[in-house]
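Beneath this line is the structure, given in structure tokens, with notes to follow.
The structure presented is a predicted model; accordingly, all values stated were derived computationally and were not measured.
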Amino acid sequence: MYLCGMIWQLFVSFFKIGTFTIGGGYAMIPLMQREIVDRRHWYSDDDFSNQIALSQAMPGVFAVNMATAVGYRQAGIKGSVVAILGAVAMPIVIILLLAMFFGHFRDNATINHIFMGIRPAVVALMAAIVFNMARATHIGWRNAWMPITALLLVWLLGISPMWVIIGAAVAGVIYGYLNDKTNVSGK
């Protein structure tokens with residue numbers, strides 16, 4: 001009986017996330033955090049931050065990657081499948097409806113104004129994500145140079161985010177290795 005209840009909770013949670021998120025992957029992180037960490041207590045803040053990093057690094061759609069991981073952790077393969085279905089059900093319906101009727105309202109001034117109004121809200125949500133993730137991953141003034149450097153490398157120098165991520169991963173491994181070596185020799 002527990003598994004059926006968990007399967008239903010996974011579907012409902014990811015259906016809400018998929019239905020009420022405007023703006024794609026990053027915009028859904030606050031809603032995911034509220035649902036997965038705060039409401040359902042399926043993940044801790046640290047586990048959630050780690051899962052976000054993994055889901056973003058994996059190929060494919062961020063929402064599907066998160067649904068796969070959370071669903072599997074909670075209810076195995078069935079949980080993954082149900083969470084994915086919940087996450088993509090409403091977006092698929094909305095995309096199909098938009099594709100069917102886009103020609104009719106493409107030049108509608110009201111629709112264009114609605115989309116122009118949504119943009120600042122999505123930017124604000126993304127800014128909130130940055131600050132929440134910085135807090136959850138313990139980024140402070142002493143180590144803020146790392147994400148700022150990554151931003152500048154991508155934005156100003158045009159370096160592919162893929163290379164920045166690979167470079168950060170290599171630097172993290174080296175730092176961890178050196179830190180562990182220092183801790184072992186210091187004991």
(request) Could I get the full list of side-chain contact (heavy atoms from CB on, under 4.5 Å) partners for Ile111, not counting sequence neighbours? (result) Phe105, Asn108, Ile114, Phe115
(request) Hydrophobic side-chain clustering at under 4.5 Å (ILVMFWY, transitive links): who's grouped with Val88? Put none if nobody. (result) Val61, Val64, Ile84, Ile92, Leu96
(request) Each residue besides Trp145 in its hydrophobic cluster should be listed here, by chain and number; the cluster joins Ile, Leu, Val, Met, Phe, Trp and Tyr at side-chain heavy-atom distances under 4.5 Å. (result) Met146
(message) Taking transitive links into account, so neighbours of neighbours count too, which hydrophobic residues share a cluster with Leu54 at under 4.5 Å side-chain distance?
(response) none
(message) Going by side-chain contact (heavy atoms from CB on, under 4.5 Å), name the residues that satisfy it together with Leu156, two or more places apart in sequence or in a different chain.
(response) Leu152
(request) Would you please name every residue forming a side-chain contact (heavy atoms from CB on, under 4.5 Å) with Ala69, sequence neighbours left out? (result) Tyr43, Gln51
(request) Applying side chain to side chain donor-acceptor pair (under 3.5 Å), name anything that partners Glu35, two or more places apart in sequence or on another chain. (result) Ser13, Lys16, Arg39, Arg40
(request) For Tyr177, check side-chain contact (heavy atoms from CB on, under 4.5 Å) against everything at least two apart and list the hits. (result) Lys181
(request) Identify, with sequence neighbours excluded, every residue that meets ring-ring contact (aromatic ring centres under 6.0 Å, His included) alongside Phe48. (result) none
(request) Could you name each residue pair satisfying side-chain hydrogen bond (donor to acceptor under 3.5 Å, both in side chains) that touches residues 146-166, not counting sequence neighbours? (result) none
(message) Show every salt bridge (Lys or Arg N to Asp or Glu O under 4.0 Å) that has at least one partner inside residues 79-100, sequence neighbours left out.
(response) none
(message) Enumerate the salt bridge (Lys or Arg N to Asp or Glu O under 4.0 Å) contacts for residues 67-94, please, sequence neighbours excluded, ordered by first and then second residue.
(response) Asp47-Arg73
